[in-house]
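By convention in this document, chain letters (A, B, ...) are assigned in the order of the sequence lines, proteins followed by strands, and residues within each chain are numbered from 1.
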Protein chains: 2
Amino acid sequence: MTEYTDEVSFLAHYNRREFDAPLLTVDPVLFTYHEAQLKVLLVERSAYPERGLWGLPGGFVDMASDQNLEATAQRKLREKTSVTPPYLEQLYSFGSNTRDKRGWSVTVAYTALMAYQECAAHIETVSDAKWQPLDHLNNLPLAFDHRQIIEFARERLRQKALYSIVPAYALPEKFTLPELQHLHEVLLGKALQKKSFRRRIEDAELLIDTGEKRSDGNGRPAVLYRMKEGSGGYTFVRNLAE
Amino acid sequence: MTEYTDEVSFLAHYNRREFDAPLLTVDPVLFTYHEAQLKVLLVERSAYPERGLWGLPGGFVDMASDQNLEATAQRKLREKTSVTPPYLEQLYSFGSNTRDKRGWSVTVAYTALMAYQECAAHIETVSDAKWQPLDHLNNLPLAFDHRQIIEFARERLRQKALYSIVPAYALPEKFTLPELQHLHEVLLGKALQKKSFRRRIEDAELLIDTGEKRSDGNGRPAVLYRMKEGSGGYTFVRNLAE
DNA sequence: ATGAGTAAGTGTCTTAAAGACAATAAAAAG
DNA sequence: CTTTTTATTGTCTTTAAGACACTTACTCAT
């Protein structure tokens, strides 16, 4: 799908024919956790609609190279971060005749998580990409309905924090329980009981003790854990379905 | 979007140009509960791809009349059932270059629920639509990846049966608790504790006692309940987020 | 009428998991 | 070696689910 830098060149091409199908894009919402904050990856748009505004690192399906929607999401993320995130899950599809001024359009949104350190270096070399703290998203002008999509993704991630340790994918490979708990607290917007949190994770056997420890300088050092591979949904609530 | 009755007429038109975007459809999975069984609405395909096979009652977005994706789902369901279901929720989007022989295609699937009685009469007048019991879906040849989509929808509905009374939308407006419990048991594939089930629903104040009762002929008559309007997600598990 | 049969609905004890919070352990700094 | 700080554990309380016996309200046959 060709990109246009302004409205004139876009319309010059497209107005000549009837669209016979909605525009279709894929938009990943990539979260990470850094400096005690939740951050989202944004890209400055260089192409026609909403040019100059910040938006999600998405784009059109490349029918030649992408096998499926997830492949599109992965490709777009790789283009911006140079790596593929360890967590990628379809979020929701947003489609209407008002969300894009070009006409009827649909975007399939994905939620992705990865460690800040994994791609911070690469992102700093790219001038049109940045990690935006979610708490300072209010004033920033965003393209299309991307603010709503980010809100939606954040709310879903908040739900996951209630019954799983999926948010741990926003941390480095090795992390401490206090770190993970604080991330959950940021997501949920409230303090959690240390004991309950640890108990649930331990009972569910979701983590592996690496044997290593790390100190923040002050206080007793915390044990470093790693996620157990292939533990599926990383759920730690009792399954009522048994 | 024009429909074609066979491959020749389809290719005659479409092969002349490059597709510049994937095909986009909307496919609602409409469930109901009847004769102690879960049933899904299927239609016999009359148009080219997969012609003659049974499939979901979906179709293309009508860019002239549909405001958004949900409107498309509602319109397609209304075309087959003559009514709009009381429950409609987006399920998942399936997109790949293999699911439709015409090429790259995406479908946005919805889960819908409604009472059997609401549209049974209308469906019986339409020869190409039927309520298919989910237990007898194995042998039936289905179009595209519609079997997978139905499985996906059923699994999601099963999850909802664990922590909500959303399945109640597959029942008539007034229903009894034993009815609802049995529906949940069908979805979960296991018996539930009467007391626990009732306690959770009562504690969550999701239903209204209509004052009426209904007897199956045998035994004590059961109280008829109605869903409380606007109770949102109809969740009856304790919200860990408080 | 009346008692048997049946399914709806309730009481209550047990078990499982979360909340509260005090107590202990392991480090750094002086 | 004591204070400070943060991690980790112990344990009592509270809440919700499971198990299951019991009561209630109806139909039907006698």
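- B:H184 has its NE2 atom 14 Å from the P atom of D:dA17, to the nearest Å.
- Here salt bridge (charged side-chain N to carboxylate O under 4.0 Å, His left out) pairs that include residues 85-96 of chain B, with residues two or more places apart or in two chains, are B:E89-B:K160.
- For D:dA19, one of the phosphate oxygens OP1 or OP2 lies less than 4.0 angstrom from a side-chain nitrogen or oxygen of B:Q193.
- For B:L192 and C:dA8, the CG to C1' distance is 16 Å, given to the nearest whole Å.
- Between the CD atom of B:Q181 and the P atom of C:dA7 there is a distance of 14 Å, rounded to whole Å.
- Remark: B:D128 pairs with B:K80 by the salt bridge (charged side-chain N to carboxylate O under 4.0 Å, His left out) rule, at least two apart or across chains.
- Residues passing the ring pair (Phe, Tyr, Trp, His ring centres under 6.0 Å) test with B:F94, sequence neighbours excluded: B:Y92, B:F152.
- The neighbour count for B:E155 CD, taken as heavy atoms of other residues, nucleotides or ligands under 6.0 Å away, is above 12.
- Across the interface with DNA chain C, nearest-nucleotide mapping of A:S215 and A:K195 shows A:K195 to be the residue nearer the 5′ end.
- We find that CD of A:E185 is positioned 12 Å from P of C:dG19, with the value rounded to whole Å.
- Note: CD (A:E212) to P (C:dA26) measures 18 Å, nearest angstrom.
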Between N or O atoms, less than 3.5 Å apart, protein on one side and nucleotides 4-7 of chain D on the other: list the pairs.
from, atom 1, to, atom 2, distance (Å)
D:dT6, O2, A:R220, N, 3.1
D:dA7, O4', A:R220, O, 3.3
D:dA7, N3, A:R220, NH1, 3.3

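- Rounded to whole Å, atom C1' of D:dT27 lies 15 Å from atom NZ of B:K213.
- Every residue was checked against the salt bridge (charged side-chain N to carboxylate O under 4.0 Å, His left out) condition with A:K195, not counting sequence neighbours, and none meets it.
- At a cut-off of 3.5 angstrom, counting only N and O atoms as typed in the model, there is no donor on one side facing an acceptor on the other between the side-chain of B:R199 and the base of C:dG9.
- Residue B:Y163 contributes atom OH, which lies 20 Å from atom C1' of C:dA17 at whole-angstrom precision.
- Residues satisfying the side chain to side chain donor-acceptor pair (under 3.5 Å) criterion with A:E179, sequence neighbours excluded, are A:R214.
- Rounded to whole angstrom, the span from the CG atom of A:L188 across to the P atom of C:dG19 amounts to 11 Å.
- Between B:W131 and B:Y116, the two ring planes are tilted [angle within 30° to 60°].
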